[in-house]
Number of protein chains: 2
Amino acid sequence: MSKLRNTCAHELMDITPHIIQSIRVEMRRGRGSDISVPQFRTLRFIQRHPDSSLSYLAEHLGLTLPSVSKLVDGLVKQKLLVRHESSVDRRQLMLLLTRSGSSIVDSARSEAQQNLANKLNSLSENELKTISEAMQLLRPIFDSQDKH
Amino acid sequence: MSKLRNTCAHELMDITPHIIQSIRVEMRRGRGSDISVPQFRTLRFIQRHPDSSLSYLAEHLGLTLPSVSKLVDGLVKQKLLVRHESSVDRRQLMLLLTRSGSSIVDSARSEAQQNLANKLNSLSENELKTISEAMQLLRPIFDSQDKH
DNA sequence: TATTGTTATACTCTATAACTATA
DNA sequence: TATAGTTATAGAGTATAACAATA
C-alpha cells in the first residue's frame with residue numbers, strides 16, 4: 001500500500017479535468033474546425049485505423065456502442081465520416097474518413113497541438129521530459145487497447 | 001521551438017481523455033455516490049472553498065457562468081449544495097455544502113481515488129514519482145486559479 | 001455603466017433498455 | 001444463441017444571447 005500511489009490518484013483526479021477543459025477550448029476555437037473532443041478522438045482514431053468497426057472504435061474510446069453509434073451518426077451527417085458495410089461479415093461496419101473529415105482532423109490536431117504547446121512555454125527541457133515520461137507510463141494503464 | 005514541447009502537447013491530447021473516461025466510470029459506480037465529474041469537482045471546490053461565489057467557482061472550473069449556474073442548480077435540487085445571499089454584496093452568492101453533500105463528496109473521493117490507485121498498481125515508486133512530478137508541473141499551467 | 005447571476009434556447013455527450021439483422 | 005449495430009428515451013454538460021437585479 002503505497003502512499004505515493006494515493007497521491008498520484010488524487011493528483012490525477014484534480015488536474016486531468018483542467019487539462020481536458022483546456023483542450024476542449026482549443027479544439028472549439030480552431031479556425032477551420034470547431035469540433036468536440038469526442039468527435040476529434042473519433043476522427044483521429046479512424047484516421048489511424050481506417051476500416052475500423054464500430055465496436056473496435058467503442059473499445060478505444062471507452063464508451064458504449066449506442067453512444068458511439070450516435071457520435072458516428074453526427075459525423076456522418078456532417079460528411080466527415082462514411083460507413084461501409086463489411087462484405088465479410090455484414091453485421092460489421094467499416095468506418096472511413098471523407099476528404100473533408102481528413103482535412104478537418106488535420107487542422108484541428110495541428111492547431112490544438114500548437115496552442116497546447118504554447119502553454120508549455122515556461123517549462124524546461126527536463127521538465128518536458130518528465131511530463132513525456134509520465135504520459136508514456138500512463139498510456140498503457142488507461143488506453144484499453146494498449147493492454148490489448 | 002522545442003520538439004519535445006510538441007510531443008508533450010500531442011501526448012496530452014492523446015492520453016488525457018482516456019484518464020478522464022476512467023475517472024468518470026469510477027465516479028459513477030461509487031457505492032454511495034453516482035455523481036458526474038463536473039458535479040464532483042463543484043462539490044470538492046466548495047468543500048475546500050466554502051462561501052465561494054458562482055463566478056469564483058466558474059473561474060476554477062473554466063466554465064461559463066450559465067453553465068455553472070445550471071450545474072449548481074442541479075446540485076441544489078439534489079440538496080447537496082445551498083445558495084446563500086451575501087449580505088455584503090447582494091448580487092453575489094455564497095455556496096455551501098449540505099451535510100449530505102459533504103458526505104457524498106467524501107465517499108466519491110475516497111472510492112474513486114482507491115480505484116484509481118489500484119490501476120497504478122504496476123508502477124514502481126520511481127515511476128509514481130515521475131507522474132507526481134509531472135502533475136505538479138502541469139497544475140499551475142492548467143489551473144487558472146493557480147496562476148491567480 | 002459594470003458586475004453577478006438566471007433564463008431561454010440549442011446542441012452534444014452518455015447511458016440503459018429494447019430492438020433488428022446477421023452469423 | 002450470440003454478436004454488431006440502431007433506435008428510443010432520458011438526463012447531464014456546455015455555450016451564446018438576452019435578461020434582471022444590484023453596485
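Every chain is numbered from 1 and lettered A, B, ... according to where its sequence line falls, protein lines coming before strand lines.
- For the pair A/Glu59 CD and D/dG5 P, the computed distance is 12 Å after rounding to whole Å.
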Reading 5' to 3' through nucleotides 17-23 of chain C, protein heavy-atom contacts under 4.0 Å coded B for base, S for sugar-phosphate only, - for none: B---BBS
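- Results of the side chain to side chain contact (heavy atoms under 4.5 Å, CB included) test with B/Leu12 over B/Thr16, B/Ile15, B/Asp14 single out B/Thr16 as the only residue that passes.
- Within 4.0 Å (heavy atoms only), B/Ser36 reaches sugar-phosphate atoms of the nucleic acid but no base atom.
- Taking atom CG of B/Leu81 as the reference point, atom P of C/dG5 lies 13 Å away to the nearest angstrom.
- Taking the side chain as every heavy atom from C-beta outward, A/Met13 and B/Arg44 never approach each other to under 4.5 Å.
- Rounded to an integer number of Å, the gap from CE of A/Met27 to C1' of C/dC11 is 18 Å.
- Screening residues 94-113 of chain B for ring pair (Phe, Tyr, Trp, His ring centres under 6.0 Å), with sequence neighbours left out, gives no hits.
- In this entry the distance linking CG of A/Asp73 with P of D/dG5 reads 14 Å, nearest Å.
- If you measure from atom CD1 of A/Ile23 to atom P of D/dT14, you get 14 Å, rounded to the nearest angstrom.
- Contact check of residues 92-102 of chain A against DNA chain D (heavy atom, cut-off under 4.0 Å) returns A/Gln92, A/Leu93.
- Between A/Arg83 and D/dT6 there is a side-chain N or O to OP1 or OP2 distance below 4.0 Å.
- For residues 97-106 of chain B, the set of pairs meeting the side-chain hydrogen bond (donor to acceptor under 3.5 Å, both in side chains) definition, not counting sequence neighbours, comprises B/Gln47-B/Asp106.
- Using a 4.0 Å heavy-atom cutoff across all strands shown, A/Leu65 reaches at least one base atom of the nucleic acid.
- Within 4.0 Å (heavy atoms only), B/Leu54 reaches sugar-phosphate atoms of the nucleic acid but no base atom.
- Applying the side-chain hydrogen bond (donor to acceptor under 3.5 Å, both in side chains) rule to B/Asp34 yields no partners; only residues at least two apart in sequence or on another chain are considered.
- Between B/Gln21 and A/Phe142 there is no side-chain heavy-atom pair separated by less than 4.5 Å.
- A donor and an acceptor atom never sit less than 3.5 Å apart when one is taken from the side chain of A/Lys70 and the other from the base of D/dT6.
- Using a 4.5 Å heavy-atom threshold, the side chains of B/Gln114 and A/Asn6 count as touching.
- Contact between the side-chain N/O atoms of A/Ser67 and the OP1/OP2 oxygens of C/dA15 is found at a separation under 4.0 Å.
- One finds a side-chain N or O of A/Ser55 lying less than 4.0 angstrom from the OP1 or OP2 phosphate oxygen of D/dG5.
- With DNA chain D read from its 5' end, the first of the two nearest nucleotides for A/Gln21 and A/Ser69 is the one closest to A/Ser69.
- Between B/Phe45 and B/His60, the ring-plane angle classifies as parallel under the 30° and 60° cut-offs.
- In this structure, the side chains of A/Leu123 and B/Ile141 come closer than 4.5 Å at one or more pairs of heavy atoms.
- One can place CZ of A/Arg29 at 13 Å from P of D/dA15, the figure rounded to the nearest angstrom.
- Each of A/Arg24 and A/Ser52 was assigned the nucleotide of DNA chain D with the nearest heavy atom; the assignment lying further toward the 5' end belongs to A/Ser52.
- Among residues at least two apart or in separate chains, side-chain hydrogen bond (donor to acceptor under 3.5 Å, both in side chains) pairs with a member in residues 67-78 of chain B are B/Thr64-B/Ser67, B/Asp73-B/Lys77, B/Asp73-B/Arg83.
- Here A/Thr64 reaches the OP1 or OP2 of C/dA15: one of its side-chain N or O atoms lies under 4.0 Å away.
- For B/Gln78 and D/dG11, the CD to P distance is 12 Å, given to the nearest whole Å.
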